[in-house]
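Quick caveat, the model's predicted, so the values are computed rather than measured.
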Amino acid sequence: MAYSFLDTYATPSVQAAQAAMGADHLWRAGGRDRVFDRIDEDVAAFIAERDSFYMASTAENGWPYVQHRGGPAGFLKVIDPVTLAFADYRGNRQYISTGNLGADDRVALILVDYPRRARLKLLAHAEVVPLGSDPALEDAVRDPAYRGQPERIFRLKLQAYDWNCPQHITPRFTADQVNAGVAPLRARLAELEAENAALRASLQGSSPAGAQPG
């Protein structure tokens, strides 16, 4: 039995920390059998709904680097059960993640669904694909409706993934989600305002000519 995500991190120091906190028994055989190394339909659907994620890479001097990646919902594409890709849009032009991958291709991603308090962690080997070198892949990740300027493509080969518990995730909502949620309230308010206006007009029409309000 295995736990593909946690096994990747099961270094002696991590195992020692688990033992020191009395949590090592949680990850023995009874709490394992979680070989999440292929993207299934549920994971693909979750990824397709995300409009951002965080990606960590490691610099040559050992410092970790975490960068926010954003785009239209679903900009991180599932190419096949073990491959993901996304267009890397022009940002502040520091190119730290791109440079880090030239020395170490390992990355970690966190994708969060804040309204439903769900969090997906991914480990992968990342490859920088120049624009024009793989037309089929470029067609798969491009979004003509998005105004961002792509500079390259990142192709990720999945190592493992895992789901986090929902603890400590504060629900947050995008402007589109808020607008969708209050749309029925706005429609009802418009109905009530129209009814109120009609009632006022009816009352004014039923008043004797020239009558002054008392």
Side-chain angles (χ1 to χ4, degrees), residues 2-11 14 34-114 116 118-146 148-164 169:
Y3 189 156
S4 53
F5 187 93
L6 190 58
D7 287 346
T8 304
Y9 288 110
T11 62
V14 170
R34 297 177 68 172
V35 185
F36 297 154
D37 57 3
R38 295 181 69 82
I39 298 169
D40 60 23
E41 291 183 1
D42 290 340
V43 174
F46 182 88
I47 292 172
E49 294 177 349
R50 305 280 68 77
D51 60 4
S52 68
F53 60 86
Y54 302 91
M55 185 175 79
S57 58
T58 305
E60 290 174 274
N61 59 12
W63 279 101
Y65 180 70
V66 179
Q67 187 169 43
H68 172 269
R69 298 283 173 165
F75 78 99
L76 178 61
K77 307 293 185 181
V78 176
I79 306 302
D80 60 49
V82 295
T83 309
L84 301 100
F86 65 94
D88 185 33
Y89 296 103
R90 177 170 294 177
N92 59 16
R93 309 196 73 182
Q94 293 181 341
Y95 303 116
I96 298 176
S97 296
T98 302
N100 286 347
L101 296 180
D104 189 333
D105 70 350
R106 292 172 296 178
V107 295
L109 280 65
I110 287 183
L111 295 81
V112 186
D113 181 340
Y114 288 99
R116 292 196 287 261
R119 181 170 46 197
L120 178 67
K121 303 179 293 187
L122 292 164
L123 301 178
H125 294 275
E127 172 190 7
V128 176
V129 180
L131 294 181
S133 64
D134 190 332
L137 182 64
E138 191 166 333
D139 287 344
V141 301
R142 272 189 178 273
D143 185 345
Y146 188 61
Q149 178 62 45
E151 292 189 323
R152 65 194 59 79
I153 298 168
F154 283 171
R155 179 162 49 202
L156 312 177
K157 287 297 181 180
L158 182 68
Q159 171 78 15
Y161 70 86
D162 199 11
W163 295 97
N164 264 133
I169 299 177

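- Between Lys157 and Thr83, the shortest heavy-atom distance links the atoms NZ-OG1, 2.7 Å.
- The aromatic rings of Phe36 and Tyr161 lie parallel to each other, their planes meeting at an angle below 30°, with 60° marking the opposite boundary.
- Between Phe86 and Leu156, some side-chain heavy-atom pair lies under the 4.5 Å cut-off.
- The aromatic ring centres of Trp163 and Phe46 sit less than 6.0 Å apart.
- Distance check: Gln67 CD to Ile96 CD1 gives 7.5 Å after rounding to the nearest 0.5 Å.
- Checked for salt-bridge contact, Arg152 and Glu127 miss the test: no charged N lies under 4.0 Å from a carboxylate O.
- Residues Ala85 and Leu137 share a closest heavy-atom pair of CB-CD1, 3.8 Å.
- Here the CG atom belonging to Asn100 is positioned 9.0 Å from the CE atom belonging to Met55, to the nearest 0.5 angstrom.
- Here the closest non-hydrogen pair linking Asp143 and Pro72 is OD2-CG, 3.2 Å.
- Residue Thr8 holds its OG1 atom at 10.0 Å from CZ of Arg106, rounded to the nearest 0.5 Å.
- Shown here for Pro150 and Gly148, the closest heavy-atom pair between the two residues is CD-O, 3.3 Å.
- Considering OH of Tyr65 and CD of Gln94, their distance stands at 5.5 Å, rounded to 0.5 Å.
- Within the 6.0 Å centre-distance limit, the rings of Tyr89 and Tyr146 are counted as a close aromatic pair.
- Exactly one residue among Ile110, Ile47, Val112, Leu76 makes a side chain to side chain contact (heavy atoms under 4.5 Å, CB included) with Phe53. That residue is Leu76.
- We find the OG-OH distance between Ser52 and Tyr114 to be 6.5 Å, quoted to the nearest 0.5 Å.
- With rounding to the nearest 0.5 angstrom, the OG atom of Ser57 is 8.5 Å from the CG atom of Asp104.
- Closest non-hydrogen pair, Ala140 versus Lys77, comes out as O-CE, 3.4 Å.
- Minimum heavy-atom separation, Ser4 to Asp37: OG-N, 4.3 Å.
- With Glu138 contributing its side chain and Leu131 its backbone, the two residues share no donor-acceptor pair below 3.5 Å.
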Start with the C-alpha gap between Leu120 and Val43, add the side-chain angles, then the distance that decides, and say whether side chain to side chain contact (heavy atoms under 4.5 Å, CB included) holds. CA-CA 8 Å; Leu120 178 67; Val43 174; 3.8 Å; yes

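- Salt bridge Asp113/Arg50: present, at least one basic N to carboxylate O contact under 4.0 Å.
- Donor-acceptor pairing under 3.5 Å is recorded for the side chains of Tyr3 and Asp162.
- The side-chain heavy atoms of Arg38 and Val82, taken from C-beta on, include a pair separated by under 4.5 Å.
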